[in-house]
Amino acid sequence: MSGYRFVRSSLPGQNAAPIGLFDSGLGGLTVLRELYRQLPYESVIYFGDTARLPYGDRTPAQILQYVREILGWMEQQGTKMVVMACNTSSALALEAVRSEFDLPILGLILPGARAAVQQGRRIGVIATPATASSQAYSRAIAEIDATTQVWEVGCPEFVPLIEGNRLNDPYIGAIAQVYLEPLIEQQVDTLIYGCTHYPYLAPILRQLLPSSVKLVDPAVSVVAAAAQELDLLALKNLRPPAPTRFCVSGSPQTFSQLATSWLGCTPVVEQVIPAQTVQPAALEPVD
Ligand code: DGL
């Protein structure tokens with residue numbers, strides 16, 4: 001389902017191990033909420049790379065390096081699976097890192113593309129600049145159904161506004177109108193949230209879009225794919241889950257304050273800095 005091909009049998013005690021979820025910041029909480037809904041028995045370690053956001057303005061090489069560091073850290077924490085709760089990482093790094101780590105890693109692009117193709121034929125994608133320029137959604141959708149049309153729009157201002165706690169600032173509505181205009185002109189029938197921060201904007205986007213446009217949140221399908229993988233690998237947790245562990249690379253206080261309204265409680269947040277991992281060149285086979 002997720003496009004992930006990983007076969008191994010579960011080790012004793014692995015079922016109770018946490019699922020790792022990461023994003024640059026608050027966006028992954030929209031995936032976490034979906035995980036709580038679909039997989040309530042799973043324990044979770046959440047990492048937000050808040051010291052280095054927004055990822056959407058970073059180069060592909062930087063994003064790949066950050067993802068390698070985070071996955072190395074997740075592996076050290078004993079996670080049994082990692083869900084990239086970040087489209088930018090999924091678009092720019094998933095294919096490269098999948099074979100580098102000995103654990104199942106799921107990304108948002110393919111599950112999101114599959115869900116969108118079931119909804120419409122004229123698909124708009126709003127995403128970070130890095131995700132939009134990668135054209136990852138256009139390619140994934142073309143592979144599923146080459147007759148479906150796709151328009152991707154980079155929205156550089158959304159993530160800094162959301163992380164800056166400016167969801168109620170009228171400016172966010174004005175800038176959303178600018179980003180949506182080309183998609184409305186093309187009469188899209190479906191819109192993918194191509195960044196996990198964007199479901200926070202649902203009320204604003206709903207107001208601006210024709211009511212017939214269907215909104216697709218890839219979080220729903222990536223968590224469904226994770227559930228299937230856990231079943232296939234016999235890795236589902238059968239005991240009560242541990243409390244979610246929240247970690248960030250920036251300020252724990254800021255993250256805790258901003259996350260409160262979305263989570264409905266104030267999380268305890270630790271600061272961690274995933275260590276530098278080996279450079280890509282060191283992973284190449286030596287003659
Ligand atoms: N929420 C992430 C995504 O889905 C990253 C946003 C950012 O840091 O630019 O792409």
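Just so we're clear, the structure is a prediction, and the values are computed from it rather than from any experiment. Order of listing sets the numbers, starting from 1, for every ligand and every atom in it. As a basis for the values below, the full set of heavy atoms in this structure was taken, side chains included, without hydrogen atoms, waters or symmetry mates.
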Under 3.5 Å: N/O of [X] near N/O of ligand 1:
X      : answer
Thr131 : no
Leu53  : no
His197 : yes
Thr128 : no

Looking at Asp231, I want to see if its CG is surrounded by more than 12 non-hydrogen atoms of other residues, nucleotides or ligands under 6.0 Å. yes

So for atom CD, which belongs to Gln135, do other residues, nucleotides or ligands contribute more than 12 heavy atoms lying within a distance under 6.0 Å? yes

Those residues that, when tested against Arg122, pass salt bridge (charged side-chain N to carboxylate O under 4.0 Å, His left out) (two or more places apart): none

Return the option from Leu92, Leu108, Thr88, Asp57 holding the heavy atom at the smallest distance from atom 10 (O) of ligand 1. Thr88

Could you work out, for atom 5 (C) of ligand 1, the closest of Pro160, Ser24, Pro129 by heavy-atom distance? Ser24

For residues [X] and [Y], is any side-chain donor paired with an opposing acceptor at under 3.5 Å?
X      : Y      : value
Gln257 : Gln253 : no
Arg245 : Gln77  : yes
Thr30  : Tyr193 : no

Suppose we measure from [atom] to each protein heavy atom; which comes out shortest, and what is that distance?
atom                   : answer
atom 3 (C) of ligand 1 : Asn87 N, 3.3 Å
atom 2 (C) of ligand 1 : Asp23 OD1, 3.0 Å
atom 7 (C) of ligand 1 : Tyr55 N, 3.3 Å

For Gly56, atoms of ligand 1 separated by under 4.0 Å from a heavy atom: 7 (C), 8 (O), 9 (O)

Taking only non-hydrogen atoms of Cys195 and a 4.0 Å limit, the atoms of ligand 1 in range are 1 (N), 2 (C), 3 (C), 4 (O), 6 (C), 10 (O)

Distance under 6.0 Å and angle within 45° of ring axis: Arg58 vs Tyr66: no

Output, in order, the C-alpha distance, side-chain angles, deciding distance and verdict of side chain to side chain contact (heavy atoms under 4.5 Å, CB included) for Ile109 and Tyr137. CA-CA 6 Å; Ile109 308 295; Tyr137 272 107; 3.5 Å; yes

